[in-house]
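Reading through the structure tokens given below for one structure.
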Amino acid sequence: MTGELEPIDKAIVRELSADGRRSFTELAERVGLSVSAVHQRVRRLEQREVIRGYSARLDSEAIGLPLTAFISLAPIDPAAPDDYPQRLEHIPEIEACYSVAGDYSYVLLVRVPSPVGLEELLRKIREAAKVSTRTTVVLSTPYEGRSPAL
């Protein structure tokens, strides 16, 4: 999807990104449209993939994954194919994979139960993708999952 959103669509997206469980009635009240107009606009935003889905935000510690880390990947062999995302997609501890510019090709966001879990995950990643890694362990998360500035 390219281009600018209309102001009313921005308002709808802003409201849903703050709380994806808002009802069409509540959305309509907040953005000043009828319920049917909001429903149509949300459906269009979903079809255009501006809204790609809805999910619950989980507390990592509460679900037993208190250790968050960023793992940067660099190829061992620069001539090797750039297929690391495909080689790693089966590993559930990887929450996100970002293609980046700089000394590393990709940065992974991972969540694991312990330092031993991180060590095991690093072994799996290195084995599956044939890469070298640099790991940054997160000490605290002042904020995360913020809505984009619209």
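Count residues from 1 along the sequence. Every value quoted in this text rests on a predicted model; they were computed, and no experiment measured them.
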For the atom pair [atom1] ([X]) and [atom2] ([Y]), what is the distance rounded to the nearest 0.5 Å?
X      : Y      : atom1 : atom2 : result
Tyr104 : Phe70  : OH    : CZ    : 15.0 Å
Thr133 : Arg123 : OG1   : CZ    : 12.5 Å
Arg43  : Phe24  : CZ    : CZ    : 6.0 Å
Glu93  : Leu121 : CD    : CG    : 5.0 Å
Asp77  : Lys130 : CG    : NZ    : 12.0 Å
Ile71  : Leu118 : CD1   : CG    : 5.5 Å

Open item on the list: For Leu45, run the side-chain contact (heavy atoms from CB on, under 4.5 Å) check against Arg48, Gln47, Glu49 and tell me which one passes.
Closed with: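 It is Arg48; the other options fail the test.
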Do any N or O atoms from the side chain of [X] and from the backbone of [Y] form a donor-acceptor pair under 3.5 angstrom?
X      : Y      : result
Thr141 : Glu144 : no
Arg134 : Leu73  : no
Arg57  : Gly145 : yes
Asp83  : Gln86  : no

TODO: Test Leu67 against Val137 for side chain to side chain contact (heavy atoms under 4.5 Å, CB included), laying out the working first.
DONE: CA-CA 8 Å; Leu67 197 157; Val137 173; 4.3 Å; yes
TODO: Kindly indicate, with the supporting measurements, whether the criterion side chain to side chain contact (heavy atoms under 4.5 Å, CB included) is fulfilled by Asp19 and Arg22.
DONE: CA-CA 6 Å; Asp19 182 357; Arg22 289 200 204 286; 3.8 Å; yes
Nearest heavy-atom neighbours spanning [X] and [Y]:
X     : Y      : result
Arg87 : Ala128 : CD-O, 3.2 Å
Val38 : Ala28  : CG2-CA, 3.6 Å
Val31 : Ala11  : CG1-CB, 3.7 Å

Are [X] and [Y] grouped together when hydrophobic residues (ILVMFWY) are joined by side-chain heavy atoms under 4.5 angstrom apart?
X      : Y      : result
Tyr54  : Leu27  : yes
Ile12  : Val35  : yes
Leu150 : Val42  : yes
Val110 : Val138 : no

[Y] side chain reached by [X] side chain, heavy atoms, under 4.5 Å:
X      : Y     : result
Pro66  : Ser60 : no
Leu33  : Arg41 : yes
Tyr106 : Pro85 : yes

- [ ] Look at Glu46 together with Arg52 and state whether they make a salt bridge at an N to O cut-off of under 4.0 Å.
- [x]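 No, Glu46 and Arg52 are not salt-bridged.
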TODO: State plainly whether the residues Arg30 and Glu26 are in salt-bridge range, i.e. N to O under 4.0 Å.
DONE: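 A salt bridge is present here (some side-chain N lies under 4.0 Å from a carboxylate O).
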Open item on the list: If only side-chain N and O atoms count, and only distance matters, is there a donor-acceptor pair under 3.5 Å linking Tyr84 with Glu89?
Closed with: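 Glu89 vs Tyr84: no donor-acceptor pair found between side chains.
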Open item on the list: Can you confirm whether the side chains of Arg14 and Ser147 place a donor and an acceptor under 3.5 Å from each other?
Closed with: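 No pair is found: no donor N or O on one side chain lies under 3.5 Å from an acceptor on the other.
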TODO: Take atom CG of Asp103 as the centre, draw a 6.0 Å sphere, and report whether it contains more than 12 heavy atoms from other residues, nucleotides or ligands.
DONE: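 Incorrect, the count does not exceed 12.
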TODO: For side chain to side chain contact (heavy atoms under 4.5 Å, CB included), just list the numbers for Leu108 and Ile125, CA-CA rounded to whole Å, side-chain angles, deciding distance to a tenth of an Å, and then say yes or no.
DONE: CA-CA 10 Å; Leu108 308 175; Ile125 289 169; 3.7 Å; yes
